[in-house]
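Report on the structure given below.
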Amino acid sequence: MNAMQESTTPYTRQGDAGPAPPYGQSPPLPPPLVRMRDSRSKSPAFAALLSMMPGLGQVYVGYYQRGFVHATVIAALITILSSGSVEGLNPLFSLFMAFFWLYNIIDAARRASLYNDALAGNPSIELPQDFKTPGFRGSIIGGATLIGGGFILLLHTRFGISLDWVEQWWPVAPMIFGAYLLVRAIQERRAAETGDSR
């Protein structure tokens with residue numbers, strides 16, 4: 001009787017392995033992967049902080065040309081507003097300067113983030129069409145502007161030529177730049193249409 005009870009009892013003696021559990025056991029988790037931070041990555045917060053001085057955040061990320069353009073735009077707006085030559089348009093220029101200043105800060109943080117994603121090879125995001133890896137590339141219009149500006153300043157400092165005419169003729173500069181952008185946009189559109197037709 002005791003032997004039968006021992007054979008049919010659901011309990012096992014101490015030291016026995018016992019029956020297998022009715023559910024499947026999950027395999028052990030692999031150790032967490034340690035992701036090394038690329039030393040070339042940039043801090044978006046630090047880029048935004050540096051952009052309180054317009055263009056400096058872009059220079060920090062590596063977009064030197066873009067940073068100089070931002071600094072030039074803000075400097076030109078401040079010069080226009082302080083000269084008093086456009087008194088009736090002060091609100092328009094002031095609003096545009098505030099907008100561009102904030103855009104400059106956001107752009108620096110955004111480009112730092114996209115730069116880090118490009119370094120990591122992150123395929124889960126779609127980079128903007130205008131995003132390229134930073135570099136100091138040549139620029140015809142940038143080089144011509146610097147040469148022209150330096151030549152005008154040289155005429156003033158070396159030969160004493162007055163710069164009063166600059167105050168009257170400065171609107172020609174944005175007109176030329178706008179014409180350049182217009183021609184470039186037309187050329188790019190024609191090139192895209194030619195590529196689609198093929």
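In this structure, the side chain of N104 does not engage the main chain of H70 through any donor-acceptor pair within 3.5 Å. Between the side chain of S113 and the main chain of R110, no donor-acceptor pair closer than 3.5 Å is present. Between the Y60 side chain and the S43 main chain, a donor and an acceptor come within less than 3.5 Å of each other. Looking only at distances, no side-chain donor or acceptor of N90 sits under 3.5 Å from a matching main-chain atom of L81. W101 places no side-chain N or O within donor-acceptor distance of the main-chain N or O of M53, the cut-off being under 3.5 Å.
Minimum interatomic distance between N116 and P44 (heavy atoms only, all atoms of both residues): ND2-CD, 4.1 Å. A47 and V61 get closest at one heavy-atom pair: CB-CG2, 4.2 Å. Minimum heavy-atom separation, S51 to Q58: OG-OE1, 3.7 Å.
Hydrophobic clustering, with ILVMFWY side chains joined whenever heavy atoms are under 4.5 angstrom apart, keeps I161 apart from L154. Cluster membership check: F96 does not share its hydrophobic cluster with I106, using side-chain heavy-atom separations under 4.5 Å among Ile, Leu, Val, Met, Phe, Trp and Tyr. A continuous path of Ile, Leu, Val, Met, Phe, Trp and Tyr side chains, each step under 4.5 Å between heavy atoms, connects F151 with F159, placing both in one hydrophobic cluster.
Here OH of Y180 is found 13.5 Å from CD1 of I176. Values are rounded to the nearest 0.5 Å. Here I105 contributes atom CD1 and L56 contributes atom CG; the two are 11.5 Å apart, rounded to the nearest 0.5 Å. Rounding to the nearest 0.5 angstrom, the gap separating the OG1 atom in T157 from the CD1 atom in I152 is 12.0 Å. One distance of note links CD1 of I80 with OG of S94; it measures 11.0 Å at 0.5 Å rounding.
Between D107 and R66, the closest side-chain pair of non-hydrogen atoms falls below 4.5 Å.
For Y103 and F100, the ring centers are positioned less than 6.0 Å apart.
Between E193 and R189 no salt bridge is recorded (no basic side-chain N to carboxylate O distance below 4.0 Å).
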